[in-house]
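Quick notes on the structure that follows.
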Amino acid sequence: MSIYGLLAPKGQSGFGYGSTAEEVTEGLSLAGKTVLLTGCNSGIGHEALRVLALRGARVVGTARTLEKAQQACALVGGQTVPLACELSEPESVRGCVEAVKRAGLELDAIICNAGVMALAKLEKAYGYELQFFTNHIGHFMLVTGLLGQLAEAGRVVVVSSSAHKMAPRAGIEFDNLDGAKGYNAWSAYGQSKFANLLFAKQLARRFNNDRKTANAVHPGVIRTNLQRHVNPLMSVVFGISGPLALKSIAEGAATGVFVATRPELAGVSGRYFADCNLAEPRRDADDPALGRRLWDTSEQIIARLS
């Protein structure tokens, strides 16, 4: 725990910056629940996998390869179902969706955790900037493909980031999704995280006050292998700030697990959480026209991929 984590007060929920995934699920039984989690093999994804399994949930743990998912699941024990889901490869995402359907799994929660961050140079997948394609399009394809498997009161939790505030002023540069008109590592990452946030809010609207919910979360700033692509200077900054303010992996996993499992959040939808409490995103995150445009554009991208 960082110095800030020790000193930061708890929020209205009773949890806060320094709370861990184990703490926010203490006393909860998730027996009989099934949760699908992307990026289960490292960082906060692996900690979420461990804690959810510890509390009795059956966890469908996905990773870029089946081998990585199997290794991660074997380490935590409990009821786990390893599956491959490489979010930048549409065929892999479709294969994961079909595997869940074939197994007849009803999902009580989907936690969209996996992602890439701040790629130093422009990289693309299927003609689109890689962070946008992996972090948003991959998860959009996965979740929309699995909506028929979502339980009556199922929850979708999308891991966004406070970095969504680093997105371009327009929010989403629809005319530059390939990065050809300019690329900045952090602006592109912010755009992908803003897309995650818009997706969760638009999905909540489409649930239309159903018992199903969709929310976005900021996990906090954590030193994990997500930073493997950042430049050396930023690595130094992360190293120095770690003991002062960065969250541990256990703390980073807390908010996503909190929103996916806490009974008092039944019916809470279309919101943004940080430190296990409600938080305020940038103002245009609640623009329904922007949310609809991103949804429509995402569907068009997927249709072209087919």
Side-chain angles (χ1 to χ4, degrees), residues 38-39 43 45 62 64 85-94 96-97 110-145 156-203 214 216-219 224-231 234 272 281-282 284-285 287 289-306:
T38 65
T62 82
R64 296 178 68 183
C85 185
E86 167 53 84
L87 292 165
S88 66
E89 288 295 338
E91 282 306 309
S92 179
V93 177
R94 294 188 189 103
C96 180
V97 169
I110 300 171
I111 304 178
C112 301
N113 163 76
V116 292
M117 185 178 80
L119 304 180
K121 62 180 181 179
L122 175 62
E123 297 182 44
K124 298 182 183 182
Y126 296 89
Y128 297 93
E129 190 275 317
L130 185 60
Q131 294 176 92
F132 176 81
F133 194 87
T134 302
N135 298 350
H136 169 62
I137 294 297
H139 277 125
F140 182 92
M141 183 182 297
L142 179 70
V143 172
T144 55
V156 176
V157 180
V158 185
V159 177
S160 178
S161 169
S162 63
H164 78 270
K165 296 176 182 178
M166 301 171 69
R169 180 175 295 183
I172 306 294
E173 293 183 331
F174 290 99
D175 63 345
N176 190 35
L177 295 180
D178 60 357
K181 293 185 177 181
Y183 175 78
N184 175 276
W186 287 103
S187 178
Y189 178 65
Q191 177 172 255
S192 75
K193 294 289 98 181
F194 189 50
N196 289 152
L197 179 53
L198 289 172
F199 170 47
K201 286 178 172 288
Q202 186 63 18
L203 181 58
V217 304
H218 167 52
T224 70
N225 68 0
L226 192 62
Q227 282 104 40
R228 64 190 180 276
H229 299 292
V230 303
N231 65 50
M234 287 302 298
Y272 174 63
R282 56 184 270 179
D284 52 352
D287 181 349
L290 188 56
R292 286 194 300 271
R293 185 178 181 189
L294 177 63
W295 188 286
D296 292 344
T297 299
S298 302
E299 287 188 327
Q300 291 163 12
I301 291 171
I302 291 171
R304 286 193 290 270
L305 293 171
S306 300

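Reckoned from all heavy atoms, side chains included, excluding hydrogens, waters and symmetry mates.
- Here the straight-line distance linking atom CD1 of Ile172 with atom CD of Gln191 works out to 4.5 Å at 0.5 Å rounding.
- Rounding to the nearest 0.5 Å gives a distance of 8.0 Å between CD1 of Ile302 and CZ of Arg94.
- Considering CG of Asn113 and CG of Leu87, their distance stands at 10.0 Å, rounded to 0.5 Å.
- Heavy-atom neighbours of Arg169 CZ from other residues, nucleotides or ligands within 6.0 Å: at or below the threshold of 12.
- Exactly one of Leu142, Thr38, Val93 qualifies for a side-chain contact (heavy atoms from CB on, under 4.5 Å) with Thr62. That residue is Thr38.
- Expressed to the nearest 0.5 Å, how far CZ of Arg304 lies from CD of Glu299 amounts to 12.0 Å.
- Judged by distance alone, the side chains of Glu89 and Tyr126 do bring a donor and an acceptor atom under 3.5 Å apart.
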With a cut-off of 3.5 Å and sequence neighbours excluded, list every side-chain donor-acceptor pair involving residues 194-202.
{"from": "Asn196", "atom 1": "OD1", "to": "Lys193", "atom 2": "NZ", "distance (Å)": "2.8"}
{"from": "Asn196", "atom 1": "ND2", "to": "Asn135", "atom 2": "O", "distance (Å)": "2.8"}
{"from": "Lys201", "atom 1": "NZ", "to": "Gly270", "atom 2": "O", "distance (Å)": "2.8"}
{"from": "Lys201", "atom 1": "NZ", "to": "Asp286", "atom 2": "OD1", "distance (Å)": "2.8"}
{"from": "Gln202", "atom 1": "OE1", "to": "Arg205", "atom 2": "NH1", "distance (Å)": "2.7"}

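- Taking CD1 of Ile137 as the reference point, atom CZ of Phe132 lies at 4.5 Å (rounded to 0.5 Å).
- A donor atom on one side chain and an acceptor atom on the other are not found under 3.5 Å apart for Glu123 and Tyr183.
- Among Ser160, Ser298, Ser192, the single residue meeting the side chain to side chain donor-acceptor pair (under 3.5 Å) criterion with His136 is Ser298.
- At a threshold of 4.5 Å between non-hydrogen side-chain atoms, the residues Leu305 and Met141 count as touching.
- With values rounded to the nearest 0.5 angstrom, Ser88 atom OG is found 6.0 Å from Arg64 atom CZ.
- Between Tyr272 and Val158 the shortest side-chain heavy-atom distance does not fall below 4.5 Å.
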